[in-house]
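Numbers here simply count residues along the sequence, with the first being 1.
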Amino acid sequence: MRPCSTVMHLLLRCMRGCGRHSRSRMPRRLRQPVSYIKLIFKSLYFNSLTNSEVVLDCILEPVFWMVEVVTRWFGMVFVFLVVALTSSVVFIAYYCLLPLVLQTYSLGWMMWHICYGNWILVMIVFHYYKATNTPPGYPPKMKNEVPFVSFCKKCVIPKPARSHHCGICKTCILKMDHHCPWLNNCVGHYNHRYFFSFCVFLTLGCMYCSISGRNLFIDAYNAIDVRLCFFNTFVEISLPPYTYKDRMFHKSVIYMWVLTSTVSVALGALTLWHAVLITRGETSIERHINNKEAKRLGKRGKVYRNPFSYGKLNNWKVFFGVEKRSHWLTRVLLPSGHTPYGDGLTWDIYPLKKDMMPV
């Protein structure tokens, strides 16, 4: 056993010598990053606070980083897609469908379609422009007396209540709901109303195009040459010849109906979800936090109450900035650039708790 132990001792001394040799040969620029990586790796084993969530976050960090990079760089592409798809539907509606409306409908129905369609279009364009160009709101970076609930380790600044750090924008956002790639902007305190109103009116516009264009879609679909498969045998259906303009009209109607029907279903579900959150007085992020807090207090026999909820109706008043009955028209159903309640730093709105706005 003695010769074996001697050989092992010599082998360990050789490995240590090689390691020192390699460290001495390592360029000076690489020593500090390598030491830093080793320290991070060792911290996973010597940290008493390490748990399964920390390890999972470390493993998924490359995935999060890739999603943030893709979302940041492709933000303008998503905005271009929204503008292009919306413009294509508007072009088809004005160039293809409006002449039919003027020729076939009565004066009353014609005026209703024109007024409703243009009102929806104005509301969509206004709220999308404001949602993309209005900053969501950022906490102050200088020292101040504003109360805060936590400290952001990435921004190295105090975080007020309802503020969260956005990894894509690389900053903290006041009353952050989420980062929307279709806006290329965060949805926060100052543009949350614009985002929700855009979703509502775009859903209404898509439903309007889908419902009113249903008969046109059926006629256009039947007018295109199709191939039927009957017991693995293709049968060609011969239809009357159409001009190039007729075929383009039929394809445009089909494209518009399929696009608007799909968007109305998908965006309608998202809009309903945000409507539920607004009714409860919480954001998408706070929804998960409140659920965890409710479960934690439920185990202790206590009931969790959202401190930022002022009641179902008052939550909508706060969200839309409604102070009197006429504001439901001027601030909700018409374009309005008014700012939301408060500065996003404090959330004690005492008049609303006392229901000072009976509307």
Side-chain angles (χ1 to χ4, degrees), residues 66-98 116-137 166-170 173 175-213 217 251-275 277-278 283-285 319-320 332-337 340:
M66 183 64 66
V67 172
E68 292 175 359
V69 171
V70 170
T71 305
R72 187 183 307 116
W73 286 103
F74 282 85
M76 294 303 298
V77 177
F78 290 132
V79 172
F80 172 78
L81 286 176
V82 173
V83 175
L85 294 176
T86 306
S87 301
S88 64
V89 173
V90 172
F91 175 79
I92 294 171
Y94 274 92
Y95 184 76
C96 299
L97 303 184
L98 185 58
Y116 181 81
N118 284 279
W119 170 67
I120 287 288
L121 179 60
V122 169
M123 297 297 286
I124 291 173
V125 173
F126 172 80
H127 287 103
Y128 186 73
Y129 175 80
K130 296 292 287 186
T132 54
N133 290 274
T134 302
C166 177
I168 299 174
C169 296
K170 301 299 182 184
I173 305 297
K175 192 196 167 187
M176 179 179 177
D177 188 89
H178 69 287
H179 184 93
C180 182
W182 301 104
L183 301 179
N184 193 27
N185 195 10
C186 263
V187 177
H189 177 62
Y190 288 102
N191 64 348
H192 194 181
R193 177 176 67 89
Y194 298 128
F195 164 77
F196 178 75
S197 297
F198 165 72
C199 292
V200 170
F201 288 106
L202 185 60
T203 302
L204 292 177
C206 290
M207 292 175 63
Y208 164 71
C209 293
S210 177
I211 295 174
S212 61
F217 165 75
K251 292 179 180 179
S252 299
V253 170
I254 293 175
Y255 160 79
M256 184 194 69
W257 190 87
V258 172
L259 178 62
T260 55
S261 300
T262 305
V263 173
S264 62
V265 173
L267 190 60
L270 178 65
T271 305
L272 287 176
W273 167 247
H274 279 278
L277 295 179
I278 295 171
T283 62
S284 300
I285 297 176
F319 183 79
F320 284 116
V332 179
L333 299 180
L334 293 177
S336 177

- [ ] Could you tell me whether the side chain of N191 and the main chain of K130 form a donor-acceptor pair under 3.5 Å?
- [x] no
TODO: Can you see which heavy atom on M256 is nearest to which on C209, and at what distance?
DONE: CE-O, 4.5 Å
TODO: Identify, with sequence neighbours excluded, every residue that meets side chain to side chain donor-acceptor pair (under 3.5 Å) alongside T262.
DONE: none
- [ ] Grab the two heavy atoms, one from Y190 and one from Y194, that are nearest each other, plus how far apart they are.
- [x] O-CE1, 3.7 Å
TODO: Determine the minimum heavy-atom distance between S336 and R193, stating which atoms define it.
DONE: O-NH2, 2.9 Å
Open item on the list: Let's go through Y208 and L204 carefully: what are the C-alpha distance in whole Å and the side-chain angles of both, what is the deciding distance for side-chain contact (heavy atoms from CB on, under 4.5 Å) to 0.1 Å, and is it a yes or a no?
Closed with: CA-CA 6 Å; Y208 164 71; L204 292 177; over 6 Å; no
Open item on the list: Minimum heavy-atom separation for Y128 and W182, please, with both atom names.
Closed with: OH-O, 2.7 Å
TODO: With rounding to the nearest 0.5 Å, note down the distance linking CD1 in I173 to NE2 in H178.
DONE: 12.0 Å
TODO: Output all residues satisfying side-chain contact (heavy atoms from CB on, under 4.5 Å) with P335, sequence neighbours left out; order by chain, then residue number.
DONE: V122, M123, F126
TODO: Provide the full list of side-chain hydrogen bond (donor to acceptor under 3.5 Å, both in side chains) pairs with a residue in residues 80-91, sequence neighbours left out, each pair given once.
DONE: S88-Y255
Open item on the list: Going by side chain to side chain donor-acceptor pair (under 3.5 Å), name the residues that satisfy it together with S252, two or more places apart in sequence or in a different chain.
Closed with: none
Open item on the list: Can you list everything that forms a side chain to side chain donor-acceptor pair (under 3.5 Å) with N118? Sequence neighbours excluded, please.
Closed with: Y94
Open item on the list: Is there a side-chain contact between P136 and M176 in this structure, where contact means two heavy atoms from C-beta onward sitting under 4.5 Å apart?
Closed with: no
- [ ] Answer yes or no: is there a side-chain heavy-atom contact under 4.5 Å between F78 and C180?
- [x] no
Task: ring-ring contact (aromatic ring centres under 6.0 Å, His included) against F91, all qualifying residues, sequence neighbours excluded - done: Y95
- [ ] Please list, chain by chain and in numerical order, all residues satisfying side-chain contact (heavy atoms from CB on, under 4.5 Å) with D177, sequence neighbours excluded.
- [x] V187, H192, H274, T283, S284
Task: Rounded distance (nearest 0.5 Å) linking atom CD1 of I92 with atom CG of L98 - done: 13.5 Å
TODO: List for me each residue that meets side chain to side chain donor-acceptor pair (under 3.5 Å) alongside S212, sequence neighbours excluded, and say none if there are none.
DONE: none
Task: A131 to N185 - nearest heavy-atom pair and separation - done: O-ND2, 3.2 Å
- [ ] Give, for atom OG of S264 and atom CG of L259, the distance between the pair rounded to the nearest 0.5 Å.
- [x] 9.5 Å
Open item on the list: Once ring-ring contact (aromatic ring centres under 6.0 Å, His included) is applied, do any residues pair with W119, and if so which ones, sequence neighbours excluded?
Closed with: Y116, F201
TODO: Using the test side-chain contact (heavy atoms from CB on, under 4.5 Å), find all partners of S210 that sit at least two apart in sequence or belong to another chain.
DONE: W257, T260, S261
TODO: Give the minimum heavy-atom separation between V263 and C206, together with the two atoms involved.
DONE: CG1-SG, 3.6 Å
Task: Which residues share a side-chain contact (heavy atoms from CB on, under 4.5 Å) with C199, sequence neighbours left out - done: F195, L267, T271
Open item on the list: Quick one: does any side-chain atom of N184 pair with a main-chain N or O of T132 as donor and acceptor, under 3.5 Å?
Closed with: no
